[in-house]
A.B. asks: 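Would you mind keeping the following structure in view while I ask a few things?
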2 protein chains.
Amino acid sequence: MGRDAWRAIRDRISDEIASGVLLPGTRLPTEPELRRIFDTGRHSVRRAMAALAMEGKLRVEQGRGTFVEDAPKLNYHVGRRTRFRQNLRSQGFEPSGETISEEIVPASCRVADALQLAEGAPVHRLLRRDMADGVPINLGFTFQCATRFPDWAALRREGQSVTEAYRAHGIIEYFRRSTSVHSRRAREEEAELLQQHIDQPVLVVRKVDVDRHGVPIGHSEGIWAASRVQFVFDGADDVPLRPHSPQQVALTTDGSS
Amino acid sequence: MGRDAWRAIRDRISDEIASGVLLPGTRLPTEPELRRIFDTGRHSVRRAMAALAMEGKLRVEQGRGTFVEDAPKLNYHVGRRTRFRQNLRSQGFEPSGETISEEIVPASCRVADALQLAEGAPVHRLLRRDMADGVPINLGFTFQCATRFPDWAALRREGQSVTEAYRAHGIIEYFRRSTSVHSRRAREEEAELLQQHIDQPVLVVRKVDVDRHGVPIGHSEGIWAASRVQFVFDGADDVPLRPHSPQQVALTTDGSS
DNA sequence: ACGGATTTGTTCGTATGTATA
DNA sequence: CTATACATACGAACAAATCCG
């Protein structure tokens, strides 16, 4: 190996995964074995493994070994009136999930801002973990004002849907005010819950729902395993773009000068 | 330093950036200096730098040094009828950009699929690079059928907007059919053009536009520096969610069983 | 224009800690 | 408990890019 040993190893293994020589779930040779195979030092092997783990192509487990990732790659349709379960089932994945925590906490700065409450005001915080075929996909926080929705936790615990819980509190119609998406490094707890590499990024999706008067009633924050999901915004948000009004149209990210 | 040297270094520097002790653009001490400061080996220092560079907090340049990143963090509003320039100006950034390449190429599998053409059919491919305050934000590919839009490149070269170019070819109204977002590792050329670390992820945004008959007329693929942008889907795609029809509503990623 | 100094990138070696089987 | 396998840490050398006299 020359001066690009780790890239060569990365690309070689990446190719073998892509071409099907290495099947999902397969265990890779151990580091000493890879060292012999590629006739290189341990650092180069580890650098390549780290890069592939970061992309989500490998799953590295201390004490066990390194495996070809077999996590699902799902298209998650946002903005449609479908539920998580339907969303997954339509793509052949088996949805599951669990409630990790459910408590009343003082609103953080961000939550207070989203819900238009005072910082520190009591809010219901629900944390769920959703999975596809048993593989963690998303950590979902939801926040509702505990004063406005006193029975929220109880209703949700009884198995009521979000919509039903809102209706029980007199809200019969509500709207999505905004959805934002950005990427960041996973915190260590998140990486653990999502069963992904420490250095792998997550996609953070934040939403605010408002009632018919425009008053915020709910805020949610989803932490998604970035390598396992693609978001699709389709259909519903099709807005006709009319070239007739010249200053109002942008289809591409057009910033020529 | 004990057994978590690199995390300690990472967190320490991360804190100093967050608290303003280290200002954007500041040059960090060199590796030998940091080694002495933290009384540790070079590997630990480099591991910490790599982690911070991956998050977009540091910019490492071989032969020059390591700097606190001062790239903009912008909210990019998608789906609105605003242009890239307006989008940036409203947040106080100075937009700029350049056309990197402009040619007719055979359609790749993905492009052919998006535009409903045969694989290998000739398409216009335009590559632009857009920047905010001189920092690269986005690499934007656009694809149009060269047969249907023979004068595309010429019109665009003359400074016509996408909309105007469409109109010149008889299309007076068009729609966004779908938008998808996912994350992946940047390729080396992309990392170079975006001036970001090799291991940093990018956000890939793909769109398909259709005419009034639903026929695809344009496809675009944006490669965004993930650490410099947050996408906001707002306003226009607000669809009333009516709890009255019980099976149709999902506000949270609700997958309880 | 060139060469040496500086700084980061890659590679090799080795030892020890920690989680798993 | 022992063996295996990955995680972290130390040290050293040379390559490549940049800077500066």
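Letters go in sequence order (proteins before strands), and every chain restarts at 1. All values below come from the heavy atoms of this structure, side chains included, with hydrogens, waters and symmetry mates left out.
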A.B. asks: Can you check the A/M49 CE to D/dA5 P distance for me, whole Å?
C.D. replies: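 Computing the A/M49:CE to D/dA5:P distance gives 15 Å.
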A.B. asks: Between B/E31 and B/R35, is there a salt bridge with N-O shorter than 4.0 Å?
C.D. replies: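 Looking at B/E31 together with B/R35, the answer is no, because their closest N to O distance does not fall below 4.0 Å.
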A.B. asks: Heavy-atom count check: over 12 atoms from other residues, nucleotides or ligands less than 6.0 Å from A/R110 CZ?
C.D. replies: no
A.B. asks: Say whether A/Q196 and A/S227, considering side chains only, have a donor N or O and an acceptor N or O under 3.5 Å apart.
C.D. replies: no
A.B. asks: By nearest atom, which of the nucleotides C/dT10, C/dT8, D/dA9 is closest to the B/V60 side chain?
C.D. replies: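 Looking only at side-chain atoms, B/V60 lies closest to C/dT8.
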A.B. asks: Please tell me which of B/T66 and A/R35 maps to the more 5' nucleotide of DNA chain C, matching each residue to the nucleotide holding its nearest heavy atom.
C.D. replies: B/T66
A.B. asks: Could you tell me whether A/R47 contacts a base, only the sugar-phosphate backbone, or nothing, with contacts defined as non-hydrogen atoms closer than 4.0 Å?
C.D. replies: nothing
A.B. asks: I'd like to know if B/Q62 reaches the base of D/dA16 with its side chain such that a donor and an acceptor end up less than 3.5 angstrom apart.
C.D. replies: yes
A.B. asks: Roughly, in whole Å, what's the span from NE2 in B/H43 to P in C/dA15?
C.D. replies: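 So the two atoms are 15 Å apart, to the nearest Å.
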A.B. asks: Could you tell me how far apart B/R10 (CZ) and D/dT8 (C1') are, to the nearest whole angstrom?
C.D. replies: 14 Å
A.B. asks: Mark yes when over 12 heavy atoms from residues, nucleotides or ligands other than B/E61 sit less than 6.0 Å from its CD; otherwise mark no.
C.D. replies: yes
A.B. asks: By the 4.0 Å heavy-atom rule, please label A/G41 as base, sugar-phosphate, or nothing.
C.D. replies: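 If one applies the 4.0 Å heavy-atom cut-off, A/G41 turns out to touch the sugar-phosphate alone, with no base involved.
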A.B. asks: Tell me whether the side-chain N/O atoms of B/T40 come closer than 4.0 Å to OP1 or OP2 in D/dC10.
C.D. replies: yes
A.B. asks: Is the phosphate of D/dC10, meaning OP1 or OP2, less than 4.0 Å from a side-chain N or O of B/S44?
C.D. replies: yes
A.B. asks: Report yes if at least one side-chain N or O of A/R64 is closer than 4.0 Å to OP1 or OP2 of C/dA19; otherwise report no.
C.D. replies: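 Answer is no, no contact under 4.0 Å.
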A.B. asks: Expressed as a whole number of angstroms, how long is the span from A/L52:CG to D/dC6:C1'?
C.D. replies: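 These atoms are roughly 16 Å apart.
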A.B. asks: Rounded to whole angstrom units, what separation is found between the CZ atom of B/R42 and the C1' atom of C/dT14?
C.D. replies: 18 Å
A.B. asks: Tell me whether A/R128 is salt-bridged to A/E98, with the criterion being a basic N under 4.0 Å from an acidic carboxylate O.
C.D. replies: no
A.B. asks: Could you state the atom-to-atom distance from CD of B/E188 to P of C/dG9 in whole Å?
C.D. replies: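 So the CD-P distance, B/E188 to C/dG9, works out to 13 Å.
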A.B. asks: Starting at CZ of B/R36 and ending at C1' of D/dC10, how long is that distance when rounded to a whole Å?
C.D. replies: 17 Å
A.B. asks: Grab the CZ-C1' distance between A/R27 and D/dC6 for me, whole Å please.
C.D. replies: 10 Å
